[in-house]
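The next block holds one structure in the form of structure tokens; read it before the comments.
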Amino acid sequence: MYRSRSCGSLILKDQGSEVQLAGWVHRRRDHGGLIFIDLRDRSGLIQIVFNQDNKNLHAQAEKLRSEFVISIKGNVTKRTAEAVNKNIPTGEIEVVVTSLDVLNTSKTPPIEIADATTEPDENIRLKYRYLDLRKDKMRENLIFRHKIIKAISDSLDADGFLEIETPFLTKSTPEGARDFLVPSRVNSGKFYALPQSPQLFKQLLMVSGMEKYFQIVRCFRDEDLRADRQPEFTQADIEMSFCSEKDVMDMIEKMMTETMQALEKDIDQYRGKKIPKLALPFPRMSWDEAMERYGTDKPDTRFGLELVNISDLVKEVGFKVFSGAVKSGGVVKSINVKGGAKFSRAEMDKLEAQAKQFGAKGLAWLAITEEGLKSPIAKFFKPEELEAIVKLMKGEVGDTLIFGADKTDIVNDVLGRIRLELGEKLDLIDKDSFHFLWITDFPLFEYSETEKRWVSRHHPFTAPHGNWADLEERFAKDPASIKAQAYDFVLNGSEIGGGSIRIHDMNIQRKVFKMLGFAEEEARRRFGFLLDALEYGAPPHGGIALGIDRLVMLLAGMDSIRDVIAFPKTQSAFCPLTGAPDVVDDKQLKELHIKLA
RNA sequence: GGGCCCGUGGUGUAGCCUGGUUUAACACGCCUGCCUGUCACGCAGGAGACCGAGGGUUCAAAUCCCUUCGGGCCCGCCA
């Protein structure tokens, strides 16, 4: 036996009892005759004391160094009033050691575990991840992650959902992200793909009559990495039968609320303050409205600075950039940057440079000052035209209006991004608030410029809104106007989940494949198993998948998904710890029937 | 595929712009010694980097230039 108690569990009431503890030497304070050690295990810290009552023991203690692993026996003692350390939970007590066992020594670690203020280069953190994870923050993050997953699982379990595993070695499907491929040894020249999500399997489970399925499951997408994107990531994948969109959203709201309740203390601790309770139901906003007001399908509603469409006001003005944009089917939108008039010319130039980077031709602006309107474009307008714009924008002295004029999607994209920049720059974002939001009524299709065809916005199994019978007619007329029974779940401007009601009718599914440009034969080859299944009494069904890593990151207030994943990869998809990916033996390649170019 | 930032003892940084008094500085850590109430203990002393790698410019390069490798943020990409 190495221990009878955990370090962090000791409390004042334990005084007088003899305990055995095991853990790591966190810090040592050697006073010569008296040695203090902060002993650390997963539960926390406790100060242990070596005095000179036992000379032999004291001599052993002198040799202890950072990160040595020890087991001790000792007596829990109340500290004197002056000696209490209010900074740690166990600060009222200490353990006077009576015997010491060094279980392992340690080299001086390249990461200072006890130093919470500095953070080594990420390369070093990942190479010595097992040390990095010893630090308080990382340990807390992993514990927090565990609790979130458990809360989600508990909530779904209580609701009658079954956790069912689905294959990792599966079939490559077109559409969507690039697949990770796994060569088959047994089937020469053939490949499995790792799932981008268990999408088709969970639908099949509905056909199987499982009714309510969930899985905390790894998904794989071979795309470039970002602060919030890893090639393998975890989803809470959910599917249910006989449900409407509202049923799914209601269910997720209940689950999220229960999860937030279960995590309340942890979240408050992360933020160092009480976080207000969530307001229910979460706001639901159509995709059209989100694009109109925020220029994005994942609006950060923690602050204002909304986009306002001023096309009607400017379609006849002399300024061709504005009127021309409207006349050619585009749009002119404006943001009232409250207090923006204080920006210097250089700051406005920088903002414009950013807008150009985002794809704008320029960024017009108009400052409302005590001395009147200041703007490089004012001279192109009649005074009453400017007045009307300022009035519509509710402009006041001290504000700056910025404008985007172009094709609708460019204006939305540019101003949407500029809005986020300004939100940060003007410090308008309450970092300790949680704005959950549903975006609904997505377009079913969008046109892909690269592929020169209509592609699914969500995925090809998404059910359209409206009458399914005249789907082809609607598609022929105006593909972009067809809305989907699809919804995204947004938190603070991040997409943390998305789902849809699926097509459960083989004929409709077949038609959608056709619209997407799959020949009958190809659809059969790629998705035949799904089409078959839909012919055997497939119930209406739908579901959603939540990105666990992002959710944990946002709730914990971290800036990178890597801080809530035990062993993540670098931006170049490399693992400094293991050295993966790496070359393999010729023998292995040969068995897999693979010849390198 | 593209843009921007970074790389200096074990760790985090300064120095670089404006090349030469730099024997490359500081903090943490590490080592030795002293110390019985510290808790980021204190005090005294010490070791440790030729500046990511390669090339170039120059009398002289951590410093300027080019190439390359690695890390980060972003665009593209991510149904």
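Below, chain A is the first sequence line, B the second, and so on; all start at residue 1.
When the C1' atom of rC6(B) is taken as reference, atom CD1 of Ile124(A) falls 13 Å away, rounded to whole Å. In this entry the distance linking CD of Gln196(A) with P of rC78(B) reads 10 Å, nearest Å. Protein atom CD1 of Ile111(A) is 20 Å distant from nucleotide atom P of rC28(B), rounded to whole Å.
Between rC73(B) and Gln571(A), a contact under 4.0 Å exists linking OP1 or OP2 to a side-chain N or O. Distances shown here put every side-chain N or O of Arg65(A) at or beyond 4.0 Å from the OP1 or OP2 atom of rG29(B). Put simply, Arg226(A) has a side-chain N or O that comes within less than 4.0 Å of OP1 or OP2 on rC75(B). Within the structure, a side-chain polar atom (N or O) of Arg27(A) is placed less than 4.0 Å from OP1 or OP2 of rC41(B). Taking side-chain N and O atoms only, Arg29(A) has no distance below 4.0 Å to OP1 or OP2 of rU38(B). Phosphate contact (OP1/OP2 of rG71(B), side-chain N/O of Thr570(A), threshold under 4.0 Å): present. For rC73(B), the OP1/OP2 oxygens have a side-chain nitrogen or oxygen of Arg562(A) closer than 4.0 Å. Taking side-chain N and O atoms only, Thr118(A) has no distance below 4.0 Å to OP1 or OP2 of rA27(B).
With a cut-off of 3.5 Å on both pairing distances, the Watson-Crick or G-U wobble partner of rC30(B) is rG46(B). The partner of rC64(B), taking Watson-Crick or G-U wobble pairs whose two distances both stay under 3.5 Å, is rG56(B). Across all strands shown, rC4(B) pairs with rG72(B); the Watson-Crick or G-U wobble distances both stay below 3.5 Å.
Going from the C1' atom of rG9(B) to that of rG56(B) covers 28 Å, rounded to whole Å. rU36(B) and rA25(B) have their C1' atoms separated by 37 Å, with the value rounded to a whole Å. Straight-line distance between the P atoms of rC64(B) and rG20(B): roughly 11 Å, to the nearest whole Å. Rounded to whole Å, the C1' atom of rG29(B) lies 25 Å from the corresponding atom of rG70(B). As rounded to the nearest Å, rA27(B) and rU68(B) have C1' atoms that lie 33 Å from one another. On the P atoms, rG52(B) is 33 Å away from rC43(B), given to the nearest whole Å. One C1' atom belongs to rG10(B), the other to rU18(B), and the distance between them is 33 Å to the nearest Å. One P atom belongs to rC31(B), the other to rC41(B), and the distance between them is 14 Å to the nearest Å.
Counting atom types as modelled, Gln47(A) pairs a side-chain N or O with a base atom of rU38(B) as donor and acceptor under 3.5 Å. If you check distances only, the side chain of Gln357(A) never reaches the base of rG2(B) with a donor-acceptor pair under 3.5 Å. Checked by distance alone, Asp115(A) brings no side-chain donor or acceptor within 3.5 Å of a matching partner on the base of rG29(B). Residue Glu119(A) places no side-chain atom within donor-acceptor reach of the base of rG12(B), judged by atom type and a 3.5 Å distance cut-off alone. For Arg28(A) against rC41(B), a side-chain-to-base donor-acceptor contact under 3.5 Å is absent.
Among the heavy atoms of the strands, none lies under 4.0 Å from Asn51(A). As judged by a 4.0 angstrom heavy-atom cut-off over every strand, Arg125(A) is placed among residues making no nucleic acid contact.
With hydrogens and angles disregarded, a donor-acceptor distance shorter than 3.5 Å links the side chain of Arg79(A) to the backbone of Ile93(A). For the pair Arg550(A) (side chain) and Glu495(A) (backbone), a donor-acceptor distance under 3.5 Å is present. Between the side chain of Asp38(A) and the backbone N or O of Arg27(A) there is no donor-acceptor pair closer than 3.5 Å. Checked by atom type and distance alone, the side chain of Asp179(A) never pairs as donor or acceptor with a backbone atom of Leu181(A) at under 3.5 Å.
Each of rG76(B), rC28(B), rC30(B) was ranked by its minimum atom distance to the side chain of Thr108(A); first place goes to rC30(B). If you check rC30(B), rG10(B), rC77(B) against the side chain of Ser66(A), the one that comes closest is rC30(B). Checking rU11(B), rC39(B), rU36(B) against the side-chain heavy atoms of His31(A) singles out rU36(B) as nearest. Distances were taken from every side-chain heavy atom of Asn123(A) (C-beta onward) to each of rG71(B), rG37(B), rG1(B); the shortest belongs to rG71(B).
Each of Glu122(A) and Thr80(A) was matched to the nucleotide of RNA chain B holding its nearest heavy atom; the match closer to the 5' end belongs to Thr80(A).
Checked by atom type, the side-chain pair Gln215(A)/Tyr213(A) shows a donor-acceptor distance below 3.5 Å. Between Asn51(A) and His58(A), the side chains place no donor N or O within less than 3.5 Å of an acceptor N or O (distance only, hydrogens not considered).
Figure legend: Arg419(A) and Phe303(A) shown as a cation-pi pair, the cationic atom lying under 6.0 angstrom from the six-membered ring centre and within 45 degrees of its axis.
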